[in-house]
Amino acid sequence: MALKFYNTLSRKLETYQSIRPGVTDLYTCGPTVYNYAHIGNFRAYMFEDILRRTLAYCGYTVRQVMNLTDVDDKTIRDSRAADMDLATYTRTFTKAFFEDLDTLNIEKAEHYPAATDHVPEMIAMIDTLLDKGYAYVGDDKSVYFSIERYPDYGKLARIDLSQQRSGVRIKADEYGKESVADFALWKHWDDDDGDVYWDSPWGRGRPGWHIECSAMSVKYLGNHFDIHTGGVDNLFPHHEDEIAQCEAATGEKFVNYWLHCAHLLVNNEKMSKSAGNFYTLRDLIKKGFDGREIRWLLMSAHYRQHLNFTLEGLSAARSVLRRIDDFVVRLKELSAEGDAGLDLATDVVEVSRLAFRKGLEDDLNMSAAIAAYFDFMHRVNKAVDEAGLGGNAIDLLLNFCREVDRVFGVIHLGSAEPSVPAAIQALADERLAARRLRDFDRADSLRDDIHAAGWRIDDTPKGTRLVRVSRS
RNA sequence: GGCGUGGUAGCCAAGUGGUAAGGCAGAGGUCUGCAAAACCUUUAUUCACCGGUUCGAAUCCGGUCCACGCCUCCA
């Protein structure tokens with residue numbers, strides 16, 4: 001097997017081949033930091049996290065760049081509405097974004113370049129495009145990319161501009177263009193921009209959105225790199241424009257593989273504030289769900305399928321994770337000596353690893369990878385019930401859990417298990433005493449109290465186990 | 001109007017020609033003082049609908065219905 005990805009450029013499943021052996025350069029479109037990101041946004045970042053972790057699992061050193069769009073219409077509009085300067089305003093949401101990534105256990109990219117730190121690079125690229133004749137200064141003093149002068153335009157989105165509706169959504173402030181399909185590289189300053197502007201050879205203004213990703217990806221990853229990702233809604237025009245800008249400016253092929261994730265729906269509808277189904281990550285945390293549950297739900301469907309996000313789905317994720325946690329706890333309790341069940345464990349791990357990897361390599365088929373892990377747990381649980389396992393087998397199995405978690409990022413393997421509070425332990429001790437006296441009414445009543453406090457009681461042959469359960 | 005995706009059990013979701021993975025929820029059983037966890041059994045003669053191709057179709061082709069996305073700055 002080999003890694004395969006569905007490449008939007010060819011609309012085909014392709015075997016992945018990196019430009020440099022063992023290294024993958026990855027550009028992932030990041031957030032516009034004008035508000036808290038919503039779970040639809042995080043679906044994309046989760047997909048990119050799984051992609052990144054899968055590449056690493058398959059042996060690649062990943063160099064990932066994620067941009068932070070900290071200047072655009074919305075950041076300017078909202079910072080002015082809040083009566084704050086742009087940098088102060090966007091800093092709040094940049095900070096929130098990184099907190100949210102932590103909540104979801106999303107691995108950090110190598111670089112998070114902010115647009116406002118790279119205006120000189122953007123100006124340089126625009127300059128090159130003007131020199132080469134791909135761009136022009138419009139009547140409104142903005143600089144535009146000319147689609148007409150770049151015949152390859154449309155190859156990613158497979159859009160034939162002559163077939164498009166024209167003039168439908170053209171804003172009044174875009175009449176400086178030669179052709180409606182042309183897009184802005186540099187936007188000339190106007191009153192709405194307030195004190196947000198940079199000096200350029202074309203006067204005061206600010207960069208267009210697309211040039212930001214072009215200039216920063218080329219700066220950090222070079223003219224030609226491996227993978228570029230984003231949500232399907234970025235396919236056109238954003239990514240199409242990035243290709244046009246970069247390939248026109250550098251004369252080289254820009255990106256080998258384009259991967260796009262599908263939208264997330266909430267209760268089978270598009271998420272919208274008016275429908276009341278608009279969730280930020282923080283909204284869900286307030287409802288009592290944790291990042292791990294949200295992570296599970298977001299990663300459990302294939303990235304190119306619509307993902308239907310529901311609160312019921314989150315509750316199901318909670319049950320799933322409980323089972324995954326119980327499995328690890330159970331294994332750890334069995335830390336006996338010896339080689340009992342070692343052959344069986346070796347076989348189960350081998351079979352499971354193959355299925356797990358096969359799923360991931362098949363264009364990140366998480367359903368298959370997850371099924372492989374469930375089959376693994378099932379076979380191991382069965383072995384524990386039937387034969388018991390020695391310490392060496394347990395080590396082998398726990399190492400496989402650790403291996404799977406390099407991609408999943410949800411399995412509690414270390415000291416993440418919360419310790420039992422003294423008050424809960426005292427109740428449990430009291431219950432145990434009552435049980436010894438065969439006062440089961442009292443024991444059951446204490447068990448109810450313990451459960452109400454968020455802990456579950458498991459009586460095992462080895463004694464009583466206390467397990468933290470999420471409040472629900 | 002152009003381009004594109006999808007409709008699989010109560011729910012979530014794999015499967016793209018060989019006779020429906022996995023999970024959640026539910027039911028019965030083993031174990032248990034009772035539970036919990038785990039294990040065993042069970043839950044779609046059927047994959048939106050109608051035709052066609054084929055020895056064989058959820059998968060390929062044609063049509064219909066439904067849902068959703070993009071078509072200038074929304075992941």
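Residue numbering restarts at 1 for every chain, and letters A, B, ... go by the order of the sequence lines.
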When rounded to the nearest Å, what value does the distance between C1' atoms of B:U32 and B:C11 take? 31 Å

Exactly one candidate in A:R353, A:R53, A:R357 meets salt bridge (Lys or Arg N to Asp or Glu O under 4.0 Å) with A:E403; the answer is A:R353

Is any side-chain N or O of A:S319 closer than 4.0 Å to OP1 or OP2 of B:A25? yes

Heavy-atom contacts under 4.0 Å between residues 44-52 of chain A and RNA chain B, which residues? A:A44, A:Y45

Is_stacked (A:F374, B:G22) at 5.5 Å, 30 deg: no

Give a yes/no verdict on a cation-pi contact between A:R43 and A:F309, requiring under 6.0 Å between NZ or CZ and the six-membered ring centre and an angle within 45° of the axis. no

Only counting residues at least two apart or in another chain, list the ones meeting ring-ring contact (aromatic ring centres under 6.0 Å, His included) with A:F98. A:Y112

Interatomic distance, A:E312 CD vs B:G26 C1' [rounded to whole Å]: 16 Å

Begin with the C-alpha distance, continue with both residues' side-chain angles, and end with the deciding distance and a verdict on side-chain contact (heavy atoms from CB on, under 4.5 Å) for A:M66 and A:F97. CA-CA 12 Å; A:M66 178 178 276; A:F97 175 67; 3.8 Å; yes

Side-chain N,O (A:R435) to OP1/OP2 (B:A35) below 4.0 Å: no

side-chain N/O A:K74 vs B:C74 OP1/OP2, d < 4.0 Å: yes

N/O (side chain, A:N381) to phosphate O (OP1/OP2, B:A38) under 4.0 Å: no

Below 4.0 Å: OP1/OP2 of B:G15 and any side-chain N or O of A:H302: no

Do you know which two heavy atoms are closest between A:R80 and A:D192, and how far apart they sit? NH1-O, 2.9 Å

Are A:N365 and B:G15 close enough that a side-chain N or O sits under 4.0 Å from OP1 or OP2? yes

If every non-hydrogen atom of A:V71 is compared with every non-hydrogen atom of A:V196, which pair is closest and at what distance? CG2-CG1, 3.9 Å

